[in-house]
Amino acid sequence: MTQDSQKNRKWERYGCLLPCRVIPQSESDMVVSARIINIGRGGILIEADYSFHTGDRVIIALSESEVERFELIEEVQGTVRWGQIDASSLMGLYYIGIEFDDLLPLKQAISDQN
């Protein structure tokens, strides 16, 4: 992502590295392990070894310990807005940008920077 597109964001993003699970709404029995790279009130960037398609509806689920630690909600629903391959990554092959259905409360977004 370029610096210009970062400046054009409606909501500030906060860097973090939290484990999560991504569940496609069309295949609720499928669970993909991923990592949250950054989060904001309106969306999230994850890194995973599985590629999602633009427009896919997903649920982002955090473990109970992460929910308590960061005062986050346990599950967030959203839509995949973009994805790209990162062949140089040592953790996950794909970066996926997801827009939340509802804005996170400000307290939840800010708690991620701590």
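Atoms CD1 and CD1, on Ile98 and Ile39 in that order, are 10.5 Å from each other to the nearest 0.5 Å. If you take CD1 on Ile44 and CZ on Arg13, they are separated by 8.0 Å, rounding to the nearest 0.5 Å. To the nearest 0.5 angstrom, Tyr94 atom OH is 8.5 Å from Asp49 atom CG. The distance from the CZ atom of Arg41 to the CG atom of Asp102 is 11.0 Å, given to the nearest 0.5 Å. Atoms CG and OH, on Asn38 and Tyr14 in that order, are 11.5 Å from each other to the nearest 0.5 Å. To the nearest 0.5 Å, the span separating CG on Leu18 from CZ on Arg35 amounts to 11.5 Å.
Among residues two or more places apart in sequence or in another chain, the salt bridge (Lys or Arg N to Asp or Glu O under 4.0 Å) test is passed with Arg81 by Glu99. By the side-chain contact (heavy atoms from CB on, under 4.5 Å) test, Asp29 is found to be paired with Glu27, residues two or more places apart in sequence or in another chain being considered.
Within the 4.5 Å cutoff, the side chain of Leu17 has heavy atoms near those of the Ile37 side chain. In this structure, Ile60 and Cys20 have side chains that are in contact, with non-hydrogen atoms separated by less than 4.5 Å.
Across every non-hydrogen atom of Leu103 and Gly42, the tightest pair is CD2-CA, 3.7 Å. For Ile23 against Ala61, the heavy-atom pair with the smallest separation is CD1-CB, 4.5 Å. Of all non-hydrogen atoms in Leu104 and Gly40, the two that sit nearest each other are CD1-O, 3.7 Å. Here the closest non-hydrogen pair linking Ala48 and Val32 is CB-CG1, 4.2 Å. In terms of heavy-atom proximity, Pro19 sits nearest to Leu62 at O-CD2, 3.6 Å.
The cluster map of Ile, Leu, Val, Met, Phe, Trp and Tyr, joined by side-chain heavy atoms under 4.5 Å apart, puts Met30 and Ile59 in different clusters.
Counting only residues at least two apart or on different chains, the ring-ring contact (aromatic ring centres under 6.0 Å, His included) pairs with a member in residues 24-52 are Tyr50-Phe52.
Side-chain N or O atoms of Arg57 include one that pairs as donor or acceptor with a backbone N or O of Gly78 at under 3.5 Å.
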